[in-house]
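So the structure is just underneath, and the comments pick up after that.
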Amino acid sequence: KPHGFLERDAITKEMLEKIKALNKLAEEREQSLAQMAIAWVLRDSRVTSAVIGVSRLEQLKDCLAALENIEFSQDELELIDGVLVSK
């Protein structure tokens, strides 16, 4: 969308590969990518809340479902870190 936050040139082949890798992990965790992202933010005990934006009740329910699985194994955290820091 012309008024959105994501710029067209930000969608690179490398970025899509990162998203695919993270989405694969989310699926293995039986979560959506959005749910895993919320869980990842909340995994740190110093974080007391995550701000989410929803426009429909279904989106709120989906976001709240992230709370059902907020634990990450060390392997999962290493995979996420590897994806995020790779070029």
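From a predicted model like this one, the values you see are computed outputs, not experimental measurements.
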D75 and L79: CA distance, side-chain angles, deciding distance, side chain to side chain contact (heavy atoms under 4.5 Å, CB included) verdict: CA-CA 6 Å; D75 288 343; L79 190 146; over 6 Å; no
Euclidean distance, L77 CG relative to R43 CZ, rounded to 0.5 Å: 6.0 Å
Under 3.5 Å: donor-acceptor pair, side chain of Q35, backbone of D62: yes
Lys/Arg N to Asp/Glu carboxylate O, E17 vs K13, below 4.0 Å: no
Test side-chain contact (heavy atoms from CB on, under 4.5 Å) applied to V41 and I70, I52, V47, the passing residue: V47
Verdict with reasoning, R29 to N69, per side chain to side chain contact (heavy atoms under 4.5 Å, CB included): CA-CA 8 Å; R29 291 173 48 83; N69 185 12; 3.5 Å; yes
L64/I38 under side chain to side chain contact (heavy atoms under 4.5 Å, CB included): CA gap, chis, key distance, verdict: CA-CA 9 Å; L64 291 174; I38 293 167; over 6 Å; no
Separation between CG of L22 and CE of M36, rounded to the nearest 0.5 Å: 5.0 Å
Test salt bridge (Lys or Arg N to Asp or Glu O under 4.0 Å) applied to E28 and K24, step by step: CA-CA 6 Å; E28 290 170 4; K24 182 175 184 263; 3.2 Å; yes
Distance (rounded to the nearest 0.5 Å) between W40 CH2 and L33 CG: 12.5 Å
Atom CD of E71: over 12 foreign heavy atoms under 6.0 Å: no
